[in-house]
A.B. asks: 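The structure is given below, and queries will be raised subsequently.
These values consider heavy atoms only, across backbone and side chains, with no hydrogens, waters or symmetry-generated copies.
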Amino acid sequence: MKKQVSLALIAALTAMSLAACGGSSSTETTAAATEAAKAETKAASEEAESEAEETEAETETEETEAEAEESEAEEEAAADAGEETELIVFAAASMTETLTEIADLYKEVAPNVTLTFNFDSSGTLKTQIQEGADCDIFISAGQKQMNQLDKDASAEVNTEGLDFVDGATRIDLLENKVTLCTPEGNPAGIESFDDLADKLINDDILLAMGNSDVPVGQYTQKILAYYGLDEEELAAAGKITYGTNVKEVTTQVTEASVDCGVVYCTDAYSAGLIPVDYATAEMCGQIIYPAAVLNVSASPDAAAAFLNYLTEADAMAVFENVGFSAVE
């Protein structure tokens, strides 16, 4: 555009020069040419200024739009980074202390995730899930309760055809051990499971165990069956008392309201009890804690991330400190 203005000026000057060379033969023509050249120069200048202003306005608009888009992207990223997520974890009562400690560690990993725990017997938790309770992750103290919610489990176990488990996330998280514990000082002098079996037959002692819908109770039933003992007869004779979860059984032992109790080694550790014996796999099988994200989870990705964290070194160190071990 500057080139065009220059050409117009040259043309005007040339016209004026030619008019001057023509002398007085055409003064009016020269004046008209001069005015025309001025008009053309002014028009060209105004057009150039107008185009420059339009270009500048377009540039400013583009920059403003780019800044707005960048600002919007930054705001969205900040919102995502600061989004609060609540995960509801249903876990066996025997995991109360460990998961509470791990929750503090997880704040450093995922500060925007709030963990809400519901600790109870696995049977009670299973029923609550089945009845529609909000839950993202289920960690059971036995395979049975998890299988009862898993459509891929045997129909003999999942008798109602329930479908709550995201099978792609299900893992065997931990292994525990079943132990025999006594109150401080061991007043009844119970030294082992063999000794317990003998005293249940011949002596007047009281054993605390979990209900039949509680994994620790089911493991105890297997131990009684291993020794050929009739649970119903012993209960009728006043030699067995029950707890709705393993914590209740542990409390009965620590308060010395019973002579002994069958609990997990993790609960014995947490309560400061020293086990007098450990059940073998032959007596009650392997004690596996399965875990899974539920397919009704409101935050499946965040739930999967936390479940994965539970398998990592920091979380496993907490579990192993109280007697849990990784499943081999």
A.B. asks: Could you tell me whether the side chain of Gln218 and the main chain of Ser212 form a donor-acceptor pair under 3.5 Å?
C.D. replies: yes
A.B. asks: Do you know which two heavy atoms are closest between Asp172 and Val327, and how far apart they sit?
C.D. replies: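 Shortest heavy-atom contact: O-CG2, 3.7 Å.
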A.B. asks: Under 4.5 Å between any side-chain heavy atoms of Leu173 and Met316, yes or no?
C.D. replies: yes
A.B. asks: What closest approach, in Å, do Ser121 and Val214 show between heavy atoms, and which atom pair accounts for it?
C.D. replies: CB-CG2, 3.8 Å
A.B. asks: How long is the gap from OG1 on Thr266 to CG on Asn321, to the nearest 0.5 Å?
C.D. replies: 11.5 Å
A.B. asks: Between Tyr227 and Asp194, is any pair of side-chain heavy atoms under 4.5 Å apart?
C.D. replies: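 Yes. Closest side-chain heavy atoms under 4.5 Å.
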A.B. asks: Using 0.5 Å steps for rounding, measure from the CD1 atom of Ile129 to the CZ atom of Phe90.
C.D. replies: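 That separation rounds to 5.5 Å.
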A.B. asks: For a quick check under 3.5 Å, do Gln130 and Glu160 share a side-chain donor-acceptor pair by atom type?
C.D. replies: yes
A.B. asks: Does atom CG of Asn308 have more than 12 heavy-atom neighbours, drawn from other residues, nucleotides or ligands, at distances under 6.0 Å?
C.D. replies: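 Counting other residues, nucleotides and ligands, CG of Asn308 exceeds 12 neighbours.
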A.B. asks: Would you say the side-chain atoms of Asp213 and Gln145 include a donor-acceptor pair closer than 3.5 Å?
C.D. replies: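 Side chains of Asp213 and Gln145: no pair found under 3.5 Å.
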A.B. asks: Kindly indicate, with the supporting measurements, whether the criterion side chain to side chain contact (heavy atoms under 4.5 Å, CB included) is fulfilled by Val249 and Thr220.
C.D. replies: CA-CA 12 Å; Val249 178; Thr220 307; over 6 Å; no
A.B. asks: So does Gln143 get a backbone contact from the side chain of Asn147, meaning a donor-acceptor N/O pair under 3.5 Å?
C.D. replies: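 Flag set: sc Asn147 to bb Gln143 pair under 3.5 Å.
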A.B. asks: Are Val246 and Met283 in one and the same hydrophobic cluster, where Ile, Leu, Val, Met, Phe, Trp and Tyr link if side-chain heavy atoms are under 4.5 Å apart?
C.D. replies: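 In one cluster with Val246: Met283, yes.
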A.B. asks: Using modelled atom types and a 3.5 Å cut-off, is there a donor and acceptor pairing between side-chain atoms of Thr179 and backbone atoms of Cys181?
C.D. replies: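 Such a contact is absent between Thr179 side chain and Cys181 backbone.
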A.B. asks: Classify the angle between the aromatic ring planes of Phe306 and Phe117 as parallel (below 30°), tilted (30 to 60°) or perpendicular (above 60°).
C.D. replies: tilted
A.B. asks: To the nearest 0.5 Å, what is the distance between CG (Leu224) and CD (Glu233)?
C.D. replies: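 Spacing of CG (Leu224) from CD (Glu233) equals 12.0 Å.
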A.B. asks: Distance-only, no hydrogens or angles: does the Lys177 side chain make a donor-acceptor pair with backbone N or O of Cys265 under 3.5 Å?
C.D. replies: no
A.B. asks: With respect to Glu191, which candidate in Asp277, Asn186, Thr182, Leu180 satisfies the side chain to side chain contact (heavy atoms under 4.5 Å, CB included) definition?
C.D. replies: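 So the option named by the test is Asn186.
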A.B. asks: Which atom pair, heavy atoms only, marks the closest approach of Ile223 to Ala279?
C.D. replies: CD1-CB, 3.8 Å
A.B. asks: With the side chain counted from C-beta on, respond yes when Glu97 and Val322 share a heavy-atom pair under 4.5 Å apart, and no when they do not.
C.D. replies: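 In short, these two side chains do not touch, never coming nearer than 4.5 Å.
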A.B. asks: What I'd like to find out is whether the side chain of Thr254 reaches to under 4.5 Å of the side chain of Leu273, using heavy atoms alone.
C.D. replies: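 Sidechains of Leu273 and Thr254: in contact.
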A.B. asks: Mind checking whether Val262 and Leu206 sit in one hydrophobic cluster, side chains of I, L, V, M, F, W, Y counted as touching below 4.5 Å?
C.D. replies: no
A.B. asks: For Gly123, does its backbone N or O pair with a side-chain atom of Thr127 as donor and acceptor, under 3.5 Å?
C.D. replies: yes
A.B. asks: Please say which of Asn118, Asp120, Asp134 ends up in a side chain to side chain donor-acceptor pair (under 3.5 Å) with Gln128.
C.D. replies: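 That would be Asn118.
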A.B. asks: Mark yes or no for whether Ser140, through its side chain, and Pro290, through its backbone, hold a donor-acceptor pair below 3.5 Å.
C.D. replies: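 The answer is no, because no donor-acceptor pair under 3.5 Å joins these two groups.
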A.B. asks: Looking only at heavy atoms, which two atoms of Leu196 and Cys260 are closest? And how far apart?
C.D. replies: CD1-SG, 3.6 Å
A.B. asks: If you take all heavy atoms of Gly142 and Pro215, which pair is closest and at what distance?
C.D. replies: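 Residues Gly142 and Pro215, closest heavy atoms: N-CG, 4.0 Å.
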A.B. asks: Less than 4.5 Å apart, any side-chain heavy atom of Phe319 and any of Leu99?
C.D. replies: yes
A.B. asks: Is there a donor-acceptor pair closer than 3.5 Å between any side-chain N or O of Asp166 and the backbone N or O of Asn295?
C.D. replies: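 Not confirmed, Asp166 side chain does not pair with Asn295 backbone.
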A.B. asks: What's the verdict on ring-ring contact (aromatic ring centres under 6.0 Å, His included) for Phe324 and Tyr289, showing C-alpha distance, side-chain angles and the deciding distance?
C.D. replies: CA-CA 10 Å; Phe324 282 116; Tyr289 282 50; 5.2 Å; yes
A.B. asks: Determine whether more than 12 heavy atoms belonging to other residues, nucleotides or ligands lie under 6.0 Å from atom CG of Leu105.
C.D. replies: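 Yes - once you tally the heavy atoms of other residues, nucleotides and ligands closer than 6.0 Å, there are more than 12.
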A.B. asks: Show your reasoning for whether side chain to side chain contact (heavy atoms under 4.5 Å, CB included) applies to Phe119 and Asn245.
C.D. replies: CA-CA 10 Å; Phe119 297 110; Asn245 58 52; over 6 Å; no
A.B. asks: Is the shortest side-chain heavy-atom distance between Glu83 and Asn112 below 4.5 Å?
C.D. replies: no
A.B. asks: Using atom types as modelled and distance alone, determine if a side-chain donor or acceptor of Asp203 lies under 3.5 Å from a backbone N or O of Ile205.
C.D. replies: no
A.B. asks: Considering only heavy atoms from C-beta outward, does the side chain of Thr250 approach that of Val253 to under 4.5 Å?
C.D. replies: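 Heavy-atom side-chain distance check fails, nothing below 4.5 Å.
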A.B. asks: For Asp136 and Ser297, run side-chain hydrogen bond (donor to acceptor under 3.5 Å, both in side chains): C-alpha distance rounded to whole Å, both residues' side-chain angles, the deciding distance at 0.1 Å, then the answer.
C.D. replies: CA-CA 4 Å; Asp136 295 291; Ser297 170; 2.6 Å; yes
A.B. asks: When the ring centroid of Phe164 is compared with that of Phe138, is the distance short of 6.0 Å?
C.D. replies: no
A.B. asks: Could you state the interatomic distance from CD1 (Ile201) to CG (Asp230), rounded to the nearest 0.5 Å?
C.D. replies: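 The CG atom of Asp230 is 11.0 Å from CD1 of Ile201, to the nearest 0.5 Å.
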A.B. asks: Could you give the distance from OH (Tyr242) to CD1 (Ile240), rounded to the nearest 0.5 Å?
C.D. replies: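 Reported to 0.5 Å precision, the distance equals 4.5 Å.
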A.B. asks: CD of Glu184: more than 12 outside heavy atoms within 6.0 angstrom?
C.D. replies: no
A.B. asks: Does any non-hydrogen side-chain atom of Thr311 lie less than 4.5 Å from one of Ile171?
C.D. replies: yes
A.B. asks: Quick check: is Val178 connected to Met95 through a chain of hydrophobic side chains (ILVMFWY, heavy atoms under 4.5 Å apart)?
C.D. replies: yes
A.B. asks: Measure the OH-CD distance between Tyr264 and Glu175 for me, rounded to the nearest 0.5 Å.
C.D. replies: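 If we round to the nearest 0.5 Å, Tyr264:OH and Glu175:CD are 12.0 Å apart.
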